[in-house]
Protein chains: 2
Amino acid sequence: MMSLNSRKRLILQAIIEDYINTAEPVGSRTISKKYLTSVSSATIRNEMADLEEMGYIEQPYTSAGRIPSDKGYRLYVDSIMNQNILNAKKIEYIKKEFMETLGEIDDLIKHASKLLSNMTKYASIAMAPQYGKTRLKHIQLIGIDNFNVLSVIVTDVGIVKNSVIRMEESLDIRTLDKISNMLNDKLTGLSLDKLNDLDISNLTSEVNGYNELLIKVLPELFQALKYSDKIEVYHEGAANLLDLPEYSDIQKAREFLNVLDEHDLLFEVLEDKSEDLSVTIGKENKITQLKNCSLITATYSFNGKVIGSIGVVGPTRMEYSRVISLVDCLTENLNDILSKVLKT
Amino acid sequence: MMSLNSRKRLILQAIIEDYINTAEPVGSRTISKKYLTSVSSATIRNEMADLEEMGYIEQPYTSAGRIPSDKGYRLYVDSIMNQNILNAKKIEYIKKEFMETLGEIDDLIKHASKLLSNMTKYASIAMAPQYGKTRLKHIQLIGIDNFNVLSVIVTDVGIVKNSVIRMEESLDIRTLDKISNMLNDKLTGLSLDKLNDLDISNLTSEVNGYNELLIKVLPELFQALKYSDKIEVYHEGAANLLDLPEYSDIQKAREFLNVLDEHDLLFEVLEDKSEDLSVTIGKENKITQLKNCSLITATYSFNGKVIGSIGVVGPTRMEYSRVISLVDCLTENLNDILSKVLKT
DNA sequence: GTTAGCACTCACACTCATAGAGTGCTAATT
DNA sequence: AATTAGCACTCTATGAGTGTGAGTGCTAAC
């Protein structure tokens, strides 16, 4: 019976790591010379034939070396590879970068994304906080002048969209405050998603005479909130991938870049990640255009609640160990900063 | 004496337009067959030799056809090409797309950028409104809870950054209103750029006891405003360019994509455009990495004041006429919407 | 001033041979 | 029974050599 004994695992590891470095199919001689010097290439060949039969490696064409299959990478990531230990300098660097970022969460995430692509040399993708899942903390209507009202919505993770509402009738400060207070009373603590489903008419009874604001304007505002969640997806460092031989074929490069420009697809990819850190390899991806790619994503949270995710996209021939440790360290810092910045 | 007679101009036009379509050097026979059927190829050859001597066209190598030089394109754009007339459907389409956009200016610009790259099939770049040049209309401090103050800054073109400020000391609503009012009195009408240079200490005398807010927090806030102007540069449709033969060389593609990821560079490019509509061809670009590209940009304004710009980047072999008319139509609509949405 | 004719140039596509890396199998070795 | 040496075989990548065709510049005729 053919089993995945420890030598086979060593060989698989050797193949994967060599392939990750060189992007060239790995031959038996290379392994016997560079990795398992005590064994002859003939022996390695036999083992490789077995590994191929088991589906962990494949041959691009007859009499070429072997390259890892998605299944091979999966085994590697799950139980073969060594954990990469980030050196202190890098950790320090990440910390420092984060400390220097000022501004809102959005900026923080953008910065993190840029940092990630710079450090990994792959592309990074990120979604801004999904406010839908956060709770309303404060809503305030502010009169700017006679006919313009500014609405500001604050959630437990910070500020969200806010917009200027143009009114037909003029409202004085006193009235606006009154309405604000009423809205705060009724709505604070609700998740923004719920605001959408809310029956506004319940509220109107209490503040009569300002129907325009309540019935026409607010629902629109809430709708805009929902919409804005979807478009806040970024990517950075796409150009990095063009250096890799995987994308020396323009056609492939183009296909990949197209995915990055489709915010809907990216959103889909990032949205359904619930684990802390997730590795998706090649065909495991639901998105067809990403079947040649691997994704390493992590979620970031606030108040114990996941509010978004960020990650790295690259070819399946990715430096998993290195990237995982980077993503891990980065999100740790990110979460840290978030909890500090947003602390109530 | 060699002069740029009207036949030479026709030939130059033929060369440029054929080259724009095919990306292949254009030969004398092609021109005599497709464009100037009444003249023989030999004559065309003579004229082409002249055009080359004058610097309007060049030969990639001996005995190849001719391609336009930057100088040739320049002449073409300035005084040869026919103005493209957009068909009604396209105009309608642009109008419709704009009508359906809701949300803030930023979203509007992003949408416009996307629209532009989709319609032109080149890449588009855009900068969000430069608030620095706009005037403060309203500033408001809102207490969210005991230790968090939300500051909102409204300008004459809409909303800008606003941020939650965490305070050491608790401030009640009354106090915040008092400070808000004071700030409004003093600051309304100033351009945001000026806020930075402002001597805060002037203000403190009037509201004693709240030094933390005024001296420590506000300057930081203003600083953040300045910073945020720079990073709001987008690009869309980079992948479009990969379809062009100009970028079949990965190296070139990579170089170009890098520029797009460098927000500082893009900012620089977009910032110094003051004309209504500007065409920059090849080496006319200051940015070295764009010396092979042409740029067609336009500014958008509000209240007669230019607040940002948006444009198209592509190879020098660009469909100038078509793109110019699109950019023109688009910014016209954009300005239109802006003036309606923001009308006070 | 224009055109036909012609020799010349050069990139590109194509073929073909060779080298080299790697395999799988068999037989010998441990 | 597991390992290894040896060998024939396969397939790609590389580079040289060749032919083709588009295009030119020049000259001489119209």
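Throughout, a chain's letter reflects where its sequence line sits, starting with A, and its residues are numbered from 1.
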A.B. asks: The test is salt bridge (charged side-chain N to carboxylate O under 4.0 Å, His left out); show your working for B:E284 and B:R74 and say whether it passes.
C.D. replies: CA-CA 10 Å; B:E284 295 170 7; B:R74 171 50 66 197; 2.6 Å; yes
A.B. asks: Which nucleotide span of DNA chain D, 5' end to 3' end, has atoms closer than 4.0 Å to non-hydrogen atoms of chain A?
C.D. replies: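 Using the under 4.0 Å cut-off, the span is D:dT3 to D:dT12.
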A.B. asks: Could you pull out all residues at least two apart from B:K286 that satisfy side-chain hydrogen bond (donor to acceptor under 3.5 Å, both in side chains)?
C.D. replies: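 B:K286 satisfies side-chain hydrogen bond (donor to acceptor under 3.5 Å, both in side chains) with B:D272 only.
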A.B. asks: Surrounding NZ of A:K33 (heavy atoms of other residues, nucleotides or ligands, distance under 6.0 Å), is the total greater than 12?
C.D. replies: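 Counting neighbours around NZ of A:K33, 12 or fewer heavy atoms of other residues, nucleotides or ligands fall under 6.0 Å, so no.
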A.B. asks: My understanding is that only residues two or more places apart in sequence, or in another chain, count here; which of them pass salt bridge (Lys or Arg N to Asp or Glu O under 4.0 Å) with B:K114?
C.D. replies: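 Salt bridge (Lys or Arg N to Asp or Glu O under 4.0 Å) check on B:K114 returns B:E236.
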A.B. asks: What's the NZ-P distance between A:K33 and C:dA21, to the nearest Å?
C.D. replies: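 Those two atoms, NZ and P, are 10 Å apart.
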A.B. asks: Pairs under 3.5 angstrom only: tabulate donor-acceptor contacts from the side chains of residues 9-21 of chain A to other protein residues two or more places apart or in another chain.
C.D. replies:
unit_1: A:R9; atom_1: NH2; unit_2: A:S79; atom_2: O; d: 2.9
unit_1: A:Q13; atom_1: NE2; unit_2: A:E17; atom_2: OE2; d: 3.2
unit_1: A:E17; atom_1: OE2; unit_2: A:Y76; atom_2: OH; d: 2.7
unit_1: A:D18; atom_1: OD1; unit_2: A:K34; atom_2: NZ; d: 2.7
unit_1: A:D18; atom_1: OD1; unit_2: A:Y35; atom_2: OH; d: 2.6
unit_1: A:N21; atom_1: ND2; unit_2: A:E17; atom_2: O; d: 3.3

A.B. asks: Calculate the interatomic distance between B:N5 atom CG and C:dT2 atom C1'; express it in whole Å.
C.D. replies: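 It works out to 14 Å between those atoms.
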A.B. asks: For residues 81-89 of chain A, dump all side-chain donor-acceptor pairs below 3.5 Å to protein atoms at least two apart in sequence or in another chain.
C.D. replies:
unit_1: A:N84; atom_1: OD1; unit_2: A:S325; atom_2: OG; d: 3.4
unit_1: A:N87; atom_1: OD1; unit_2: A:K89; atom_2: N; d: 3.0
unit_1: A:N87; atom_1: OD1; unit_2: A:K90; atom_2: N; d: 3.0

A.B. asks: Take atom NZ in B:K252; do more than 12 heavy atoms of anything else shown fall under 6.0 Å from it?
C.D. replies: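 No, not enclosed.
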A.B. asks: Under the salt bridge (charged side-chain N to carboxylate O under 4.0 Å, His left out) rule, what do A:R7 and A:E47 come out as? Steps first, then yes or no, please.
C.D. replies: CA-CA 8 Å; A:R7 189 169 66 192; A:E47 298 280 45; 2.7 Å; yes
A.B. asks: Can you sort out which residues in residues 37-48 of chain B have a heavy atom within less than 4.0 Å of DNA chain D? Ascending by number, please.
C.D. replies: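 Within this stretch, B:R45, B:M48 sit under 4.0 Å of the strand.
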A.B. asks: Looking at A:R29, does any N or O in its side chain come under 4.0 Å of the phosphate oxygens OP1/OP2 on C:dG20?
C.D. replies: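 Negative; the distance criterion is not met.
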